[in-house]
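As a basis for the values below, the full set of heavy atoms in this structure was taken, side chains included, without hydrogen atoms, waters or symmetry mates.
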Amino acid sequence: WLEFRRVLFRSRNQLRLQNLREVSGGFELRIFSSDANRIVRLAHQIACEGFVVEGMEVSLSSTERNQWDASMEVRHVN
């Protein structure tokens with residue numbers, strides 16, 4: 001948990017965390033950003049820290065102009 005939070009805090013200036021919740025064996029997070037590449041970079045950073053991104057969805061926001069919404073399912077590698 002602490003390792004995962006460290007990765008997220010390192011990216012806080014680039015992305016905004018909308019929701020983070022612990023699910024069995026991992027985490028589910030929703031984030032948004034004005035740059036979709038930053039979201040992809042976060043997935044890369046998470047993978048480099050010993051986590052697996054099991055699922056990721058990125059789409060243009062339906063409510064905010066020039067905004068990307070993303071959700072990820074992440075678990076720690078044992």
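- Between the CD atom of E49 and the NE2 atom of H76 there is a distance of 9.0 Å, given to the nearest 0.5 Å.
- Scanning both residues, S34 and Q67, for their nearest heavy atoms gives N-NE2, 4.0 Å.
- When all heavy atoms of S62 and D69 are compared, the pair lying nearest together is N-OD2, 4.4 Å.
- The shortest side-chain heavy-atom distance between I31 and M72 falls under the 4.5 Å cut-off.
- If you take CH2 on W68 and CG on L60, they are separated by 4.0 Å, rounding to the nearest 0.5 Å.
- Nearest heavy-atom pair, V40 versus M56, reported as atom, atom and distance to 0.1 Å: CG2-CE, 4.3 Å.
- Residues F32 and L15 fail the side-chain proximity criterion, which asks for heavy atoms closer than 4.5 Å.
- Heavy-atom minimum distance, V58 versus A36: CG1-CB, 4.4 Å.
- Between S71 and R30, the shortest heavy-atom contact is CB-NH1, 3.4 Å.
- Between V74 and F51, the closest heavy-atom pair is CG1-CB, 3.7 Å.
- Residues R75 and E54 are in side-chain contact: their nearest non-hydrogen atoms beyond the backbone lie under 4.5 Å apart.
- To the nearest 0.5 Å, the span separating OG on S33 from CG on L17 amounts to 12.5 Å.
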